[in-house]
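In the text below, chain A, chain B and the rest are named by the order of the sequence lines, each starting its count at 1. The shown structure was predicted, so the numbers you read here are calculated from the model rather than taken from an experiment.
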Amino acid sequence: MSQPFRLASGGRIDRTRPLSVTFNGKRLEGFAGDTIASMLIASGQHLAGRSFKYHRPRGILSHGSDEPSALLSVDWRADRGPGRRDPNNRASVVEARDGLVVDTQNHWPSLETDIGAVNDLLSPVFVAGFYYKTFMWPRKFWDKVYEPVIRRAAGLGEAPKVPDADRYSNRHAHCDVLVVGAGPAGLAAALAASADGTRRVILADEGCEPGGALLNDVTSSVGGTPAMEWVAESLATLDARENVVVLPRTTVFGYYNHNHVCMVERVSDHIADAPEGMARERLWQVRAGEVVLATGSHERPLVFENNDRPGIMLAESVRSFVNRWAALPGNDLVVATSSASAYRTALDAKAAGMKVSIVDIRLETDCGPEFAAAREAGIEVRTGHTVIRALGKKRVSGLVVAKIGSGGGIGEKTTLTCDCVAMSGGWTPSVHLFSQSRGKLAFDPELDAFLPGTSVQAERSAGACRGVYDLAAVVADGAKAGGGSAAPEATASFTGFQPVRVLPTDADASRVKAFVDFQNDVTAKDIKLAVREGFESIEHVKRYTTTGMATDQGKTSNMNALGLVAGILDRPLPAVGTTTFRPPYTPVTFGALIGPARDELFDPVRKTPIDGWAAKNGAVFEPVALWRRARYFPKAGEDMAAAVARETRAVRTNVGIFDASTLGKIEVVGPDAAEFMNRIYTNAWLKLKTGGCRYGLMLREDGFVYDDGVVARLAEDRFHVTTTTGGAPRVLRHMEDYLQTEWPDLDVFLTSITEQWAVIALQGPKARQVLEPFVSEIDLSEAAFPHMTVKTGYVCGVPCRLFRVSFTGELGFEVNVPADYGEAVWKTLYEEGQKHGITPYGTEAMHVLRAEVGYIVVGQETDGTVTPDDLGLSGLVSKVKPDFVGKRSLARPDMVAADRRQLVGLLTRNPGEVLDEGAQVVDDPSQPIPMKMVGHVTSSYASSNCGRSIAMAMIDGGRERIGETVFVTTPAGFTEATISNAVFYEVKGETADA
Amino acid sequence: MLLIDCPYCGKRPEVEFHCGGEAHIARPESPIEMADADWGSFLYYRTNPKGLHAERWLHGHGCGRWFNALRDTVSDAFVATYEMGKPRPEVSPATAKA
């Protein structure tokens, strides 16, 4: 497409740098500085999409981020492969560059011919609350018709189906003043705030070029020079100041507590030859001393029949396309307005060569100097007129207007032929960020707008976003907000407007489609219906009709909707309320929010020193807390069951080697260490000799089991505490809490040593033979080194804390060596172990082995409601100690009740059947539903050593019920099991009788 | 995101902290001598004020120390932070509002 509507000169485009994009498969031409919207307009095309519900043809409404209609799917770098397309980009903010592939949305088979447009004829059906009223019955329609057919017919773009191939980055920044918006107010504020060089200033603007509304302005001057020259000078001044950072293409989208402000910078979408790997977007998290909001205002559309026809635009947007992009939105322009500012559009459009006339809702006596200016320029102005309807379908072809009689009656109608309409219903200050900061809005009836009222955070608003519209006043307001006193002179603007909600008409209101919310296809009729059906609060009307709930958050529609509701209810506008503005101000990509935290960086993986060996030796891994642990080591052809059966047998017949490095480890040191342990654990510690180990049980203050683990006393004042793998951080926090807040008098230090020690467990009858050749300064004999003791010495010449402990019931050692030596020691022991049939085993075999001998796992058998006695571990609870954490709670009446759920074993009638962990247990499977549950399965495995399946369960009063039959749920129904003792395997030979 | 003024480190973002519930509830000296009801009340009963609330906070991803804070439950504003063991500061409602 060529550019028949492009002016030969002027505008902020670079005619020496032509470019083209692919639009719906066709070539679309433009210049550097264009957006997709300005290229379309230069080519003479307004049709840019189909609407959400009715599939009505839609054009370009706006020139900025408030665009509700012209939404595009953009493949940013189709030449670099998939994963670079995203939907719902506003044509008005997509910067044109070579290589973009853009497509319009929500139509089939094409933009020009859309079958879905039949919805427009069915619109009497699709009234406000259509989903609520329709998607109820018959029930079988829920997933057959409503979801797949009706909901699918409504929609925006298509979500990407492949992972995002782009890179996104993020950064944090601090500044003294953050200025949001680089229009006249923001620039003046940034200049003033940075003038003395003492304050760090960040100036962020969502546009590709700073200047704000001045970019559209070819007539105003600031400081005696044309406005855009002042902008350039101001930017040069700011650039020269080392305390200023200016960020174009940076949208401030979220304003959070304590001036924590989030912004997204579009880094590379506009760069044709951006290097591979350059971030696409960058998320900024700024902590600002003060924030100056200079976010401008949004123009209100007029609400009249067919006000959504392509070619009907906001007045300031027409001006913008003419002046900034040198692209005429048509030949014949009608300016329909209730606002003075639209006269500037008329004057500029006329000067650019368009045929222009003005239809003003206001009476001549209510107009300001703009009226004379228009007359002087030879523009025909019809004051006191209303717009009845727009003509044309895929492009506006005329406007039916009529004089409003003194009594409000509609006079004789005239049809004005046109191919473009510039409409303005006045202005709405952009208070989104102020509202997000939790500031209170105040309604100003003079300006017909909600303005920033009471601030909650250190921020202030300047310029149009607080209802200051005159350019000279805006510049002065900005300078003041930045802490300055003087401001440059500036040209006066045409300001003031008369609020109108729905334009007066004599048409049948029940047949007229006059759009309030363009993106969600909400008409004035829908809002009236909602009010008639009893919705009075704007929050309810909004949800019922979906007005203001589209991706544009109602930037152009909210005030018209509010005013309409207030008008129907005959209440003052503030009484209807205003909706809450929430982040993000404009849609933000998930990529920007996630940044680098995806794929392998999504969640950090902790690896043990032996992880590399395990990977090389074919381990299958599983995540345990943040750790990745070897689950089993399959040999060729083995599945998990076969591998685990082999590994568990090897431990009981020869010897197994196991990486226990993930065990939480805390060193408790200090003169009062034993006393501290005494108070934290249920066991007695004062009498534990140096070199001794004890299985410790830790409760919360409420008496329930919190953690467990073997504790070794290395010295009079030093304990080596182990915790469960997942429990290490919370156990340390629990200990620190008591130490710091309840017993600050105790002289104890707590240090996490989890990552300092690699732990290699050797378990099985031949464990000693494997270890013996490498140990120095430790006598491994049973007499010198009995079960549950600890010795320090050397293994393979490496300093070592050697524990004689067992989590399998077999003879066992846990070799603690400094983490850096872990892999070398493991390899040495494994090599030696070959003589004794050593078998590496993983967490799955570890679980089976411990269950065979009835050892619990905290978090598996326990769920935060289990006492030591419930587990049959009351022997670990000191009767002598007057107090420890949780002791008093153990004496509460419900904690000693006889029918508490207790740990028992379950043996299925069919020894081959393995129960589901978590399965519910009942006494009588034929009882009526809801059945009485008497317990649940906590652990369940196929045990090769026992030659059958085994399970542990928590059963009401279970210990008294051994031998009884119960029934357990399975996916196929109930299965029979017998309650047993929770010890299933008797260790032969040298045992760990802990 | 809130900034919380750790008495030991200064202002830090809230993600570094962990709230530990209501402050100034000392663990009883001799729990074993307490009646069930009194112990239950120590364990489970907490105030839930609208307005200023004294809370325990842990600077877990910082100095690792516990401290107390006065937080306004309506505005989420931290009005004061103070070391563990110090009495609750007197804050006038006017200060609390700011």
Side-chain angles (χ1 to χ4, degrees), chain A residues 172 174 254-262 285-289 437-438 440 454-458 679 699-704 729-730 732-745 749-752 878-896, chain B residues 1-5 7-8 10-15 17-45 54-68 71-72 74-78 83-86 97-98:
Chain A
H172 292 256
H174 294 260
Y255 195 137
Y256 304 94
N257 281 313
H258 291 179
N259 276 357
H260 176 228
V261 176
C262 288
Q285 297 193 59
V286 181
R287 191 69 79 162
S437 81
R438 300 203 288 188
K440 281 223 161 47
T454 318
S455 288
V456 171
Q457 304 200 37
R679 297 186 191 181
L699 308 183
R700 298 189 308 221
E701 197 70 275
D702 60 13
F704 296 122
R730 63 181 156 87
L732 182 61
R733 196 168 77 197
H734 175 84
M735 288 179 161
E736 279 286 357
D737 189 352
Y738 277 92
L739 188 58
Q740 289 183 32
T741 70
E742 297 294 352
W743 311 315
D745 51 310
F749 286 90
L750 305 171
T751 310
S752 166
S878 166
K879 308 269 188 299
V880 187
K881 286 198 289 183
D883 190 20
F884 55 81
V885 174
K887 179 177 172 88
R888 175 63 185 85
S889 293
L890 292 178
R892 302 184 80 215
D894 279 351
M895 304 291 267
V896 295
Chain B
M1 198 188 309
L2 294 172
L3 287 176
I4 298 175
D5 194 4
Y8 308 102
K11 286 182 177 173
R12 294 289 187 277
E14 65 177 285
V15 288
F17 296 85
H18 175 87
C19 182
E22 187 174 355
H24 304 297
I25 300 175
R27 190 172 186 274
E29 289 287 323
S30 305
I32 215 70
E33 290 164 18
M34 290 170 72
D36 281 337
D38 294 339
W39 180 252
S41 147
F42 159 74
L43 269 187
Y44 295 117
Y45 286 77
E55 295 169 335
R56 295 152 20 92
W57 282 81
L58 169 66
H59 193 190
H61 295 283
C63 60
R65 296 179 75 173
W66 285 92
F67 61 92
N68 287 336
R71 185 178 63 92
D72 189 319
V74 178
S75 65
D76 226 12
F78 278 72
E83 289 169 32
M84 207 42 87
K86 295 257 170 74
K97 218 176 167 192

Tell me the salt bridge (charged side-chain N to carboxylate O under 4.0 Å, His left out) pairs involving residues 735-744 of chain A, sequence neighbours left out?
A:Asp737-B:Arg56
Residue pair [X] / [Y]: nearest heavy atoms and the distance that separates them:
X: A:Arg888; Y: B:Met34; result: NH2-O, 2.8 Å
X: A:Ala891; Y: B:Asp36; result: O-OD1, 4.3 Å
X: B:Pro13; Y: A:Arg287; result: CB-NH2, 4.1 Å

Inspect the surroundings of [atom1] in [X] and state if more than 12 heavy atoms from other residues, nucleotides or ligands are less than 6.0 Å away.
X: A:Arg700; atom1: CZ; value: yes
X: B:Tyr8; atom1: OH; value: yes
X: A:Asp745; atom1: CG; value: yes

Would you please name every residue forming a salt bridge (charged side-chain N to carboxylate O under 4.0 Å, His left out) with B:Asp38, sequence neighbours left out?
none
By a 4.5 Å heavy-atom criterion (distance strictly below it), what part of [X] contacts chain A: side chain, backbone, both, or neither?
X: B:Met1; result: both
X: B:Ile25; result: backbone
X: B:Trp39; result: side chain
X: B:Tyr44; result: side chain
X: B:Leu3; result: both
X: B:Leu43; result: side chain
X: B:Ala23; result: neither

Quick check: does any side chain N or O of B:Arg27 sit under 3.5 Å from a backbone N or O of A:Tyr738, one acting as donor and the other as acceptor?
no
Which portion of A:Asp883 sits near chain B, non-hydrogen atoms under 4.5 angstrom:
side chain
So what's closer than 4.5 Å to chain B heavy atoms on A:Phe884: side chain, backbone, both or neither?
backbone
Is the closest side-chain heavy-atom distance between B:Lys11 and A:His258 below 4.5 Å?
no
In terms of heavy-atom pairs under 4.5 Å with chain B, which of A:Arg438, A:Gln285, A:Arg733, A:Lys887 leads?
A:Arg733
With chain A, which of B:Ile32, B:Asn68, B:Leu58, B:Asp76 has the greatest number of heavy-atom pairs at distances under 4.5 Å?
B:Ile32
